[in-house]
Visitor: 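My questions all concern the structure below.
Everything numeric here is computed off the predicted structure, so don't read it as measured data. Scope of the values below: all heavy atoms of this structure, side chains included, with no hydrogens, waters or symmetry mates.
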2 protein chains.
Amino acid sequence: MTPYEELIAHTRETYLLAATGELLQWDQETMLPPGGIAHRSRQLGQIAGLVHERATTPRVGELIAASEAIRELSADPASDSAVNLRELRRDYDRATKIPAALAREKAEVAATSQHAWVEAREKSDFSLFRPFLEKNLELARKTAECYGWPADGEPWDALAEDFEPGMTAAGVSRVFVPLRESLRKLLGELMAGGRRPARPFEKIVMPLAAQQAFVRHVAERIGFDFSRGRLDVSAHPFCSGHDPGDIRLTTRYRDNRVGDALSSVMHEAGHGMYHQGLRPDHGGTPLGQPASLGINESQSRTWENQVGRSEPFWRWCHGELPRFFGDAAAGVSVEELYAGVNVVGPSLIRVEADEVTYNLHIMVRFELERALMAGDLAAADLPAEWNRRYKEYLDVVVPNDAQGCMQDVHWSMGAFGYFPTYTLGNLYAAQFFEKALADLPGLTDAFAAGDFSGLKRWLNQNIHAHGNRYRPADLCQRVTGKPLSPEPLLKYLAAKLKPLYGV
Amino acid sequence: MTPYEELIAHTRETYLLAATGELLQWDQETMLPPGGIAHRSRQLGQIAGLVHERATTPRVGELIAASEAIRELSADPASDSAVNLRELRRDYDRATKIPAALAREKAEVAATSQHAWVEAREKSDFSLFRPFLEKNLELARKTAECYGWPADGEPWDALAEDFEPGMTAAGVSRVFVPLRESLRKLLGELMAGGRRPARPFEKIVMPLAAQQAFVRHVAERIGFDFSRGRLDVSAHPFCSGHDPGDIRLTTRYRDNRVGDALSSVMHEAGHGMYHQGLRPDHGGTPLGQPASLGINESQSRTWENQVGRSEPFWRWCHGELPRFFGDAAAGVSVEELYAGVNVVGPSLIRVEADEVTYNLHIMVRFELERALMAGDLAAADLPAEWNRRYKEYLDVVVPNDAQGCMQDVHWSMGAFGYFPTYTLGNLYAAQFFEKALADLPGLTDAFAAGDFSGLKRWLNQNIHAHGNRYRPADLCQRVTGKPLSPEPLLKYLAAKLKPLYGV
């Protein structure tokens with residue numbers, strides 16, 4: 001075997017073991033009886049340790065260096081070998097920069113902090129969470145120092161690289177600041193408009209079994225392949241991508257709230273179709289992975305929003321309701337449903353926010369975590385700063401910290417630099433979809449007829465099949481001919497929402 | 001750490017990894033989408049390889065030898081340390097005889113063969129299964145050669161040792177041949193008797209959801225703890241014991257055949273209660289494991305047969321039916337139900353066989369796998385030989401291979417030497433239950449009142465809590481004061497069945 005062949009063989013085994021860890025995690029969220037939690041924690045710890053050991057063994061460094069020395073392997077930067085070497089070098093360097101003691105301390109602090117966060121949120125008492133947030137921040141700064149950042153960068157950049165390669169705080173700001181101003185303007189116009197749509201789903205009586213059958217039907221129709229996947233129930237919806245042949249979605253159901261389950265399933269199915277569309281022959285190598293969290297999120301948002309909140313989709317979907325809910329849906333029109341899934345308005349909770357305000361929620365978090373990482377904001381001042389920004393950006397008064405700065409799990413896990421990928425996903429989704437519409441005349445007419453195969457095929461070819469071949473910014477340029485811009489999202493939102501709000 | 005402490009710590013990690021392999025297997029049988037099979041085979045192969053590597057590393061041999069040299073550790077052969085050393089020595093010696101490549105190949109072939117078996121059985125086409133059976137046999141013979149067998153033994157013995165320590169083909173024959181004659185005689189008497197009970201369940205309309213709720217209720221009532229376990233659906237019922245806190249049962253359902261699902265769930269719950277009754281502080285060590293497959297099977301048979309086919313059980317169970325099946329069960333009496341679950345007669349399918357003929361099904365398999373392993377029978381000739389013996393022992397004509405030699409999963413998994421443990425389980429069950437009845441006056445009256453806690457407690461104390469402390473033959477002697485004998489089973493069957501058949 002050549003060094004490159006040995007490296008790839010080793011990497012495939014490492015990814016295979018990591019996929020087993022993912023299955024253990026999926027099972028914990030969906031199947032595990034309460035009595036099995038202690039044993040499962042030990043299993044997860046063991047697999048994580050074995051994966052880390054395999055990924056950081058000096059032999060990997062030797063094999064990468066020996067492969068880099070063979071010039072043909074990297075001559076074409078978009079070739080399979082060049083891409084795999086690019087990603088393996090990056091992952092190896094980053095993994096070996098973190099001392100084992102720091103990695104262990106981070107994992108321990110993350111675990112205890114999450115428990116503290118759950119309790120602090122229940123009691124809405126930030127003082128209980130503050131010492132843990134401070135400890136997480138201290139370790140995050142240490143981690144950033146181990147990774148390092150360019151002279152014109154900042155500590156936040158070092159961590160964000162894990163989630164969105166090439167993303168910097170300055171780069172995010174350049175997009176977010178104009179986006180924020182435009183979204184606030186649009187929000188103001190909509191709220192002052194002549195119409196105010198209502199949520200009609202509450203009128204329809206929806207037994208759980210019917211909801212399950214209905215959302216499964218929609219997931220199948222939009223293109224999620226159930227011969228290579230599943231749909232189960234968990235406390236928080238997620239998509240677990242073990243292998244393109246085994247992709248598992250979860251959702252949750254609430255009485256008479258099929259709108260929630262439907263949009264979460266379309267969202268997770270979007271992730272799922274991305275994973276199912278990755279090339280199986282690249283499985284177990286960097287090339288066979290999603291390009292980034294932002295690109296992954298663009299796929300879920302496309303199906304949740306560009307499709308699932310579109311008028312043509314509801315023209316089709318409205319006709320499917322009687323099969324699952326009988327007469328219960330008879331009194332609700334297509335127009336009511338379409339308007340109802342597009343209700344916009346300031347709110348407290350990110351995960352329940354609409355397409356306009358969602359991004360303002362993200363901006364608050366981005367600005368605060370950037371300041372926390374830079375040392376410009378003390379953890380003790382987080383609640384006041386959070387509340388001030390919610391008032392300023394969303395005109396919302398935060399009644400308590402449980403519904404304020406403690407609503408999300410991320411910071412308790414030490415995940416700083418993650419939040420912006422959600423809004424990047426919205427931006428990529430809009431920009432890709434604009435291009436798909438230009439490439440595929442009659443696309444939305446097909447939606448109205450329940451045919452979503454054109455969009456799926458376009459995404460398969462333009463996004464999924466590339467896997468991790470292009471960095472996010474390069475993929476965007478390549479697919480749309482332009483760098484990432486806020487314009488497509490703003491245009492899409494204004495065109496859809498202004499008529500619904502009588503603006 | 002002392003060598004013994006290091007050995008135990010190492011063993012706990014090995015068992016933990018093996019439990020992850022078991023979860024992958026459980027998931028494959030219950031959850032895995034068809035597209036995930038290839039990836040899963042690789043995962044199973046990898047974990048099996050890692051487990052084998054850990055179990056056979058020379059350090060383990062050194063630690064066992066160093067611990068054996070410390071005399072106090074083995075002074076009392078029933079002490080924790082002596083038992084763990086006895087089992088670890090045996091396992092290490094056997095495992096080091098199997099090359100890593102063979103262990104890995106076996107795991108991979110077993111996974112793909114099982115799927116081939118499912119398809120071949122669906123199509124009733126033995127030719128689709130034959131090449132997989134041949135491959136499994138080839139690997140089984142290689143394995144037997146690695147283990148070796150005594151001069152007066154044969155290849156089958158080398159494999160059977162994995163399932164029932166001390167069991168040999170000759171030893172099995174010594175019990176089976178007289179048992180066969182007695183059972184055929186009893187069968188003849190019953191078939192010539194003055195009564196012929198019928199199966200009444202077909203009269204009751206049983207929707208699947210009601211069946212599921214009903215069998216879950218019974219499993220819970222007899223003592224299976226659902227906070228430490230699950231019940232799911234698979235093609236072939238089984239019990240997967242990851243950890244006393246996470247024990248998973250499976251069954252299958254057929255329209256209006258709740259009797260099948262009920263007895264399979266009581267059977268698997270019997271295994272499950274054994275696993276839930278193992279001492280958690282011995283988890284991850286040999287002491288915390290079942291004593292053998294035969295002893296494990298005795299626990300499932302006790303609940304399936306000694307309890308689940310008893311008249312007192314049905315006096316209770318009859319009263320539960322309306323809660324699940326409404327008026328549909330109104331026309332069926334306790335007496336009809338009790339007689340109906342005790343219908344005896346020659347049949348095609350082992351897992352549907354009655355308590356008398358079941359053991360004849362086992363004898364066919366034992367004789368055939370013994371010949372296959374010895375090279376006295378070619379895989380290609382299996383269907384003809386199978387059919388010939390069914391005609392001879394059971395007077396049954398086998399119409400096709402799906403209902404013939406492809407009805408069981410075992411050989412597709414490469415499990416040769418396993419089948420006799422089922423009949424050993426029947427023998428142990430009868431002998432243990434005879435003792436429990438003597439120890440616990442009023443036991444069956446409690447069954448009639450829906451109280452099964454007395455028997456469960458007796459089994460917890462007398463069987464489960466010992467785990468692997470005593471070898472099967474020693475456990476039997478210790479619990480019942482006698483060596484294993486066919487008499488309790490024959491007495492129990494005659495006493496129950498002769499009145500029902502008017503003999």
Visitor: Report, by ascending residue number, the residues of residues 34-42 of chain A in heavy-atom contact with chain B at a distance under 4.5 Å; give 'none' if the set is empty.
Guide: A:P34, A:G35, A:G36, A:H39, A:R40, A:R42

Visitor: What residue in A:R12, A:H242, A:Q43 has the most heavy-atom pairs under 4.5 Å with chain B?
Guide: A:Q43

Visitor: Does the side chain of A:L23 reach to within under 4.5 Å of the side chain of B:T20, using non-hydrogen atoms?
Guide: no

Visitor: Using 4.0 Å as the upper bound for N to carboxylate O, is an ion pair formed by A:R230 and B:D27?
Guide: no

Visitor: With a 4.5 angstrom heavy-atom cut-off, which part of A:E13 approaches chain B: side chain, backbone, both or neither?
Guide: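 Contact with chain B: backbone and side chain both.
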
Visitor: Of all heavy-atom pairs between A:P33 and B:G245, which one has the smallest distance, and what is that distance?
Guide: CG-O, 4.1 Å

Visitor: For residues 109-122 of chain B, pull every pair meeting salt bridge (Lys or Arg N to Asp or Glu O under 4.0 Å), keeping only residues two or more places apart or in separate chains.
Guide: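 Salt bridge (Lys or Arg N to Asp or Glu O under 4.0 Å) check on residues 109-122 of chain B returns B:E119-B:K123.
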
Visitor: What part of A:L32 is in contact with chain B, defined as an atom under 4.5 angstrom from a non-hydrogen atom: side chain, backbone, both or neither?
Guide: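 The answer is both parts of A:L32.
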
Visitor: Report the residues that fulfil side chain to side chain donor-acceptor pair (under 3.5 Å) with B:R216, sequence neighbours left out, ordered by chain and then residue number.
Guide: none

Visitor: Under 4.5 Å, heavy atom to heavy atom, which residues of residues 221-228 of chain A contact chain B?
Guide: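 Near chain B, by residue number: A:F226, A:S227, A:R228.
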
Visitor: Check this for me: A:H236, atom NE2, are more than 12 non-hydrogen atoms of other residues, nucleotides or ligands nearer than 6.0 Å?
Guide: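 Not more than 12 within 6.0 Å, no.
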
Visitor: Please indicate whether A:H115 has more than 12 foreign heavy atoms, meaning atoms of other residues, nucleotides or ligands, lying under 6.0 Å from its NE2.
Guide: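 Incorrect, the count does not exceed 12.
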
